[in-house]
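Heavy atoms only: backbone and side chains are in, while hydrogens, waters and symmetry mates are out. Numbered from 1 within each chain, the chains take letters A, B, ... in sequence-line order. Remember, it's a predicted structure, so these values are computed and weren't measured experimentally.
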Protein chains: 2
Amino acid sequence: MTDFDTPLPESNPKDAEYLAKLQDYYAEWKSIPSYASLCEVFGIASKSWVKAILDRLGKAGFIERTPDGMWIPTRQFFARPFAESSVQAGMPVSVSATQGDYFIIDEMLIDTPSLTTMIPVKGDSMIEAGIHDGDIAVVEKRNLANVGDIVVAIVDNDFTLKTLGKEGGRFILRPANSAYPVIRPQGSLEIFGVLVGLIRKYRK
Amino acid sequence: MTDFDTPLPESNPKDAEYLAKLQDYYAEWKSIPSYASLCEVFGIASKSWVKAILDRLGKAGFIERTPDGMWIPTRQFFARPFAESSVQAGMPVSVSATQGDYFIIDEMLIDTPSLTTMIPVKGDSMIEAGIHDGDIAVVEKRNLANVGDIVVAIVDNDFTLKTLGKEGGRFILRPANSAYPVIRPQGSLEIFGVLVGLIRKYRK
DNA sequence: TTGACACCAGAACGTTCGTTCTCTACCATG
DNA sequence: CATGGTAGAGAACGAACGTTCTGGTGTCAA
């Protein structure tokens with residue numbers, strides 16, 4: 001049983017070539033076209049063979065299908081020969097440019113684009129959490145959070161970034177800087193969103 | 001760079017909502033489905049109206065077509081709203097469009113894709129610079145750096161992230177953690193690249 | 001010499017797709 | 001009360017699509 005025996009190595013030698021052509025096409029158009037167009041891309045004339053190729057690439061884990069039956073690339077599709085952190089004495093500055101990097105950061109930080117906002121960080125009240133003035137907070141908008149989350153709350157009509165805590169049954173906002181006081185809101189606490197990522201850009 | 005200022009305001013007010021739904025769908029499936037499926041995504045029942053919406057989004061520059069007629073996203077599709085610290089008392093979770101700035105994370109951090117590498121940070125030797133274990137360093141590969149830059153150097157066949165300093169005419173690597181020693185390389189110092197950005201992802 | 005198999009072409013077929021057209025309900029505005 | 005624009009529903013249709021089947025090479029080993 002268990003016939004997932006050959007995940008990475010493609011079963012057919014020419015499949016590597018077809019995969020390369022598909023990757024090139026995808027880099028240009030960011031989509032996998034119809035079987036008919038793939039005939040041109042692959043340089044073959046029969047749709048049935050295109051289907052066989054895609055089925056194999058799917059089985060090998062490079063592409064998968066949406067519920068609609070459309071082919072989409074997997075993470076493995078974008079993997080490239082990657083020099084790990086060994087020696088690398090010769091400084092291979094050029095190497096492969098190619099595709100794939102484009103969405104990676106985005107995809108890593110953002111689950112739900114429509115709920116995600118960037119907010120620049122002002123001040124140093126969270127500096128002990130490694131959040132500096134000028135950093136950019138990636139915030140997912142929602143009004144519920146767990147104790148211990150870093151949240152964006154609305155205090156005095158302004159955004160403030162603090163750790164959500166609880167004290168005697170009431171929510172409090174804890175800075176990560178001993179020079180700042182704990183905020184104990186009277187009344188309800190209005191939470192704008194939860195910190196899901198952080199971005200910092202160093203001047204060039 | 002990136003001066004696409006005008007085409008943001010969509011012609012129809014509800015288009016912002018449809019765009020958000022499309023962005024969320026794309027974040028999950030990395031493709032734009034058929035009109036029939038978009039009916040479900042958008043919550044409407046007529047394909048003709050879906051087409052009208054996509055035509056408007058295409059005219060506004062968020063999506064475009066391949067030679068095969070497939071819809072694919074443009075760069076603008078991935079732009080994120082950048083919330084300035086205004087008021088926003090009423091928690092308008094859905095609106096998201098129109099006001100504020102937009103930017104694209106990848107473009108902000110990466111100038112030269114072919115020279116840019118991501119390296120996960122290990123250890124806490126730079127913690128006083130707000131660089132934590134598990135953060136991801138965005139590194140631009142080059143072998144020249146200025147004093148004061150945070151650089152990735154190759155020491156003992158391993159990457160290390162430190163601030164570049166100078167001491168008596170020789171380069172040194174300064175950690176940002178008083179518990180770690182300054183590194184004074186004998187011979188030449190091999191610099192892999194310069195830190196240009198930092199990314200942190202908080203667990204959900 | 002004969003299978004067996006990988007590789008591919010080509011056609012058939014039922015389904016789905018995108019497009020276009022007509023129609024409706026609902027505001028507004030005047 | 002007419003008008004016009006918006007926001008959609010729904011049907012119709014030909015073209016395109018994915019799938020399956022059959023058939024035809026070439027190669028290699030038995």
Side-chain angles (χ1 to χ4, degrees), chain A residues 3 5-22 25-26 29-74 77 114, chain B residues 7-23 25-26 29-74 77 94-98:
Chain A
D3 51 358
D5 35 14
T6 53
L8 298 186
E10 309 87 52
S11 43
N12 298 65
K14 293 190 86 175
D15 283 358
E17 172 190 334
Y18 292 138
L19 175 61
K21 286 178 176 172
L22 185 58
Y25 183 95
Y26 192 91
W29 296 109
K30 291 180 189 51
S31 70
I32 296 175
S34 68
Y35 287 7
S37 301
L38 282 173
C39 286
E40 291 185 28
V41 174
F42 290 161
I44 58 183
S46 103
K47 287 192 295 177
S48 59
W49 192 239
V50 167
K51 174 175 160 52
I53 292 168
L54 289 200
D55 283 344
R56 287 200 301 271
L57 292 181
K59 207 170 207 171
F62 291 101
I63 51 179
E64 61 184 348
R65 277 170 184 273
T66 69
D68 300 327
M70 291 186 70
W71 287 107
I72 57 172
T74 62
F77 185 85
S114 64
Chain B
L8 293 186
E10 309 87 47
S11 42
N12 296 66
K14 294 191 84 175
D15 283 358
E17 174 191 332
Y18 292 135
L19 175 61
K21 287 178 176 172
L22 186 58
Q23 286 168 328
Y25 182 96
Y26 192 91
W29 295 110
K30 286 175 195 50
S31 70
I32 296 175
S34 68
Y35 287 7
S37 302
L38 282 173
C39 286
E40 291 184 28
V41 174
F42 289 161
I44 59 183
S46 106
K47 287 192 296 177
S48 60
W49 192 239
V50 167
K51 173 174 160 54
I53 293 168
L54 289 200
D55 283 344
R56 287 201 300 272
L57 291 181
K59 210 171 207 169
F62 292 100
I63 51 178
E64 61 185 351
R65 277 170 185 273
T66 68
D68 299 328
M70 292 186 70
W71 287 108
I72 57 172
T74 61
F77 186 85
S94 60
V95 188
S96 81
T98 56

Rounded to the nearest 0.5 Å, what separation is found between the CG atom of B:L57 and the CD atom of B:E64? 13.0 Å

Please check the phosphate of D:dA7 (OP1 and OP2 only) for any side-chain N or O of B:Y18 closer than 4.0 Å. no

Residues B:K59 and B:D55 bridged, charged N to O under 4.0 Å: no

Kindly check if the number of other-residue, nucleotide or ligand heavy atoms within 6.0 Å of CD (A:E17) is above 12? yes

Could you verify whether a donor N or O on one side chain and an acceptor N or O on the other, from A:W49 and A:Y35, lie under 3.5 Å apart? no

Reading nucleotides 9-20 of chain C 5' to 3', which nucleotides get B (base under 4.0 Å from a protein heavy atom), which S (sugar-phosphate only), which -? BB------SBBB

Would you please test B:L38 and B:Y18 for side-chain contact (heavy atoms from CB on, under 4.5 Å) and show each step? CA-CA 10 Å; B:L38 282 173; B:Y18 292 135; over 6 Å; no

Report the distance from atom CG of B:L38 to atom P of D:dG8, rounded to the nearest whole Å. 14 Å

